[in-house]
Amino acid sequence: AVTVGVVGATGAVGKEIVDCLNKSSLDVSKLRIFGSSRSAGSTRDAGKFGEVPVELFDVAAARECDVVFLAVSGDFALEHAKAISEGDDGAVVIDNSSAFRYDKDIPLVVPEINGECTKGAKLIANPNCTTAIGLMALYPLHKLFKLKRVIMSTYQAASGAGQPGMDELQEGTRAVLSGEREVAENKIFAHPLPFNVIPHIDKFQENGYTKEEMKVTWECRKICGLPDDFPVSCTAVRIPTYRAHSETIIVETEEPVDIEAARKAFEEAPGIKLMDDTANEIYPMPLTATGQYDVEVGRIRKSLVFGDNGLEFFVVGDQLLRGAALNAVLVAEEMAK
Ligand code: HSE
């Protein structure tokens with residue numbers, strides 16, 4: 001049995017980690033919740049773990065745990081993750097921020113793809129939500145037909161910006177619909193999100209891509225063990241949905257693609273739900289993927305651009321679950337095997 005600590009349990013991802021732990025096969029003897037001085041002293045309803053007191057975060061206390069989930073900022077992770085995990089008696093830290101994702105010595109893990117990288121590791125990085133969701137479908141295809149190039153367009157929910165993003169979408173939508181405002185206010189997003197689509201997530205880079213888009217490129221390469229120049233191009237767009245990210249994915253492959261074999265691979269891959277019956281208007285949508293562990297895959301078709309060596313499809317996953325909390329808890333389960 002393990003003692004588990006969650007730092008940031010009151011945030012959108014932290015709450016889902018506690019929920020996933022309630023359903024996990026991980027044998028948790030004790031759940032500890034760490035927070036800032038603002039939340040310390042209060043308690044949190046943690047399901048089967050009861051009312052858990054929020055303790056003021058402290059490295060020594062976190063080190064008493066066997067596993068610590070960090071669902072906080074990259075700055076916090078940079079400051080504390082190594083101190084929590086170092087030495088034989090340090091805790092295993094699973095960090096949800098991007099602080100360590102691109103560090104060569106730190107595994108970046110989607111358990112179904114490269115779970116073996118967790119062996120012996122004390123600090124593990126959880127991928128960006130968009131990458132984790134897309135890779136659930138991309139990896140089975142890569143194994144069968146060997147990817148040559150990947151083009152992705154994403155439609156990302158407000159929850160990618162955490163609870164404040166979800167609140168801004170909800171309050172802004174209400175204010176516009178009630179006639180209180182003509183255009184919603186924005187603090188979290190670059191522009192008002194209600195009734196809008198914003199082709200801008202995270203900071204613009206020198207090459208014209210945003211950091212969110214480059215994360216997809218960098219992380220696909222690292223997790224799948226692809227070369228440093230493997231071509232992955234993404235356009236990441238924020239849309240007014242609540243917590244599931246959608247992705248159009250177009251691949252060119254080295255081997256010709258057999259559509260039925262691709263469909264079968266999706267069907268058999270863990271963590272995927274095939275939603276691909278256009279005759280009955282069944283395809284992936286945020287409405288159906290929200291709250292689900294599986295990533296939905298559908299709209300599977302031969303590519304008009306890449307012909308026999310290509311495939312186009314649509315993927316939707318709950319970004320707080322597969323894209324964050326669930327992936328982190330699955331990493332912990334993998335390590336307990
Ligand atoms: N960066 C993502 C987003 C969240 O803003 O949608 C991924 O964890």
Side-chain angles (χ1 to χ4, degrees), residues 6-9 11-17 19-20 69-77 81 94-102 108-111 124-136 138 152-170 186-193 196-205 209-220 222-223 232 234-249 286 289-290 293 295 315-331:
V6 181
V7 187
V13 172
K15 277 189 211 151
E16 296 297 334
I17 289 176
D19 197 54
C20 289
F69 293 97
L70 294 185
V72 278
S73 69
D75 288 342
F76 184 98
I94 303 169
D95 177 35
N96 196 54
S97 81
S98 60
F100 302 105
R101 285 182 193 153
Y102 315 114
L108 175 65
V109 178
V110 173
I124 291 142
N126 213 32
N128 179 41
C129 47
T130 310
T131 317
I133 291 166
L135 279 181
M136 293 307 290
L138 277 169
M152 239 158 104
S153 305
T154 72
Y155 318 85
Q156 299 187 209
S159 57
Q163 192 61 50
M166 297 161 89
D167 294 344
E168 186 169 297
L169 174 62
Q170 245 185 355
N186 63 298
K187 283 201 194 85
I188 304 297
F189 301 111
H191 297 273
L193 188 56
N196 197 15
V197 157
I198 310 171
H200 171 191
I201 301 176
D202 210 335
K203 296 190 177 63
F204 282 101
Q205 313 288 291
Y209 284 81
T210 61
K211 185 148 184 225
E212 181 74 3
E213 292 160 351
M214 291 312 299
K215 282 177 178 177
V216 171
T217 302
W218 297 326
E219 294 176 23
C220 280
K222 181 168 173 178
I223 295 167
V232 178
C234 178
T235 303
V237 178
R238 185 77 68 199
I239 64 162
T241 49
Y242 205 51
R243 54 176 277 175
H245 284 4
S246 310
E247 307 177 4
T248 294
I249 304 183
T290 293
Y293 278 9
V295 163
V315 176
V316 182
D318 186 312
Q319 74 88 218
L320 293 176
L321 291 173
R322 166 48 66 178
L326 174 66
N327 198 78
V329 171
L330 291 177
V331 167

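Numbers for residues simply follow the sequence, beginning at 1. Read the numbers this way: they start at 1 and go in the same order the structure lists the ligands and their atoms.
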For this session: Give yes or no for whether the N/O distance cutoff of 3.5 Å, strictly under, is met between Lys215 and ligand 1.
Result: no

Problem set entry | Main-chain N/O of Val315 paired to Glu247 side chain as donor or acceptor, under 3.5 Å | no

Problem set entry | atom 7 (C) of ligand 1: nearest protein contact (heavy atom, Å) | Cys129 SG, 2.2 Å

Seminar exercise, completed: With heavy atoms and a 4.0 Å threshold, my read on which part of Asn96 contacts ligand 1 is neither

Problem set entry | Under 3.5 Å: donor-acceptor pair, side chain of His245, backbone of Ala157 | yes

Problem set entry | Distance filter under 4.0 Å to Ile201 heavy atoms, resulting ligand 1 atoms | 5 (O)

For this session: Check if Arg238 has a non-hydrogen atom at a distance under 4.0 Å from any atom of ligand 1.
Result: yes

Problem set entry | Gln205 (side chain) donor-acceptor with Lys203 (main chain) under 3.5 angstrom | yes

For this session: Report yes if Glu212 has an N/O atom closer than 3.5 Å to an N/O atom of ligand 1; otherwise report no.
Result: yes

Exercise. Do you see a donor-acceptor pair shorter than 3.5 Å between the side chains of Ser73 and Asp75?
Worked result: no

Exercise. Once you round to the nearest 0.5 Å, how far does OG1 of Thr131 lie from NZ of Lys215?
Worked result: 8.5 Å

